[in-house]
Amino acid sequence: TQLLEQSPQFLSIQEGENLTVYCNSSSVFSSLQWYRQEPGEGPVLLVTVVTGGEVKKLKRLTFQFGDARKDSSLHITAAQPGDTGLYLCAGLTTDSWGKFQFGAGTQVVVTP
Amino acid sequence: EPEVTQTPSHQVTQMGQEVILRCVPISNHLYFYWYRQILGQKVEFLVSFYNNEISEKSEIFDDRFSVERPDGSNFTLKIRSTKLEDSAMYFCASSFYNEQFFGPGTRLTVL
């Protein structure tokens with residue numbers, strides 16, 4: 001059983017469209033991170049959210065942490081081919097500071 | 001900008017041999033991790049290390065696996081008696097608190 005469920009598993013869109021990726025759990029997280037991973041490379045940290053209801057923006061990417069700190073979303077506006085990649089969410093639960101829980105990832109493909 | 005480095009980038013070994021994967025975490029970080037990712041699958045937690053001891057480990061991290069921080073800068077993962085199913089990308093990561101940074105990975109191929 002996955003502690004963090006990501007949806008959808010795969011998303012294919014045209015350049016210029018918007019997309020949203022979700023990360024859900026029944027557990028409470030003290031912090032949650034979003035990463036992007038390219039094939040054959042390590043995940044690259046995009047953002048960390050720690051406060052329930054927090055919204056962070058990184059250019060065309062908007063990250064939101066749920067009020068109860070059990071879920072998060074990543075929204076990309078006007079997607080570009082460079083946004084293609086595997087998006088991973090990961091978090092530290094309130095009772096396990098030594099282990100980051102990872103979702104299975106959402107593969108995003110943006111075609112020109 | 002500080003980064004996590006890993007060597008080698010690719011390691012090929014025969015089944016039953018021992019391998020050591022090396023990592024240099026970011027210098028002021030306190031927590032160190034190893035993950036593996038089998039091709040096309042999710043990132044799997046192996047072990048976390050803090051204050052010179054293992055803080056958590058997964059069921060994957062059996063008694064063939066060990067970690068060490070021998071000199072205050074390097075962080076190593078040793079796998080003894082390698083099996084075919086150990087073939088994967090192995091990522092080292094480090095964090096100060098809740099922001100974790102990954103290295104580029106070592107691709108381990110067991111023949």
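Letters go in sequence order (proteins before strands), and every chain restarts at 1. Please read all numbers here as calculations on a predicted model, not as lab measurements.
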Practice problem: Might you confirm whether atom CG of B:Leu39 has over 12 heavy atoms from other residues, nucleotides or ligands at distances under 6.0 Å? | Solution: no
Self-check item: Engaged part of A:Gln101 at the chain B interface, taking heavy atoms whose separation is under 4.5 Å
Solution: neither
Exercise. Only counting residues at least two apart or in another chain, list the ones meeting salt bridge (Lys or Arg N to Asp or Glu O under 4.0 Å) with A:Lys56.
Key: A:Glu54
Quiz item: Heavy-atom distance under 4.5 Å to chain B: side chain of A:Gln33, backbone, both or neither?
Solution: side chain
Exercise. State yes or no: do B:Phe61 and B:Leu21 share one hydrophobic cluster built from I, L, V, M, F, W and Y residues joined by side-chain heavy-atom distances below 4.5 Å, directly or via other members?
Key: yes
Quiz item: Does CD in A:Gln9 sit with more than 12 non-hydrogen atoms of other residues, nucleotides or ligands closer than 6.0 Å?
Solution: no
Exercise. Verify the cluster assignment for B:Ile60 and A:Phe102: are they in a single hydrophobic cluster under the rule of side-chain heavy atoms below 4.5 Å apart?
Key: no
Exercise. Check whether any side-chain heavy atom of A:Leu92 sits under 4.5 Å from a side-chain heavy atom of B:Gln100, and report yes or no.
Key: no
Quiz item: Between A:Val47 and chain B, which part of the residue has a heavy atom less than 4.5 Å away: side chain, backbone, both or neither?
Solution: neither
Quiz item: Do the side chains of B:Phe45 and B:Phe101 join up, straight or via other hydrophobic residues, at under 4.5 Å, putting them in one cluster?
Solution: yes
Quiz item: Tell me, side chain or backbone of B:Gln37 under 4.5 Å from chain A's heavy atoms, or both, or neither?
Solution: side chain
Self-check item: Spacing of B:Tyr33 atom OH and A:Lys99 atom NZ [to the nearest 0.5 Å]
Solution: 12.0 Å
Quiz prompt | Among B:Ser58, B:Ser48, B:Gly40, residue most engaged with chain A (heavy-atom pairs, under 4.5 Å) | solution = B:Ser48
Quiz item: Given a strict heavy-atom distance threshold of 4.5 Å, which part of A:Leu32 is in contact with chain B: side chain, backbone, both, or neither?
Solution: neither
Exercise. Establish, yes or no, whether a centroid distance under 6.0 Å links the rings of A:Phe100 and B:Tyr35.
Key: no
Quiz item: How long is the gap from CE on B:Met89 to CD on A:Gln37, to the nearest 0.5 Å?
Solution: 8.0 Å
Self-check item: B:Arg107, CZ: over 12 other non-hydrogen atoms inside 6.0 angstrom
Solution: no
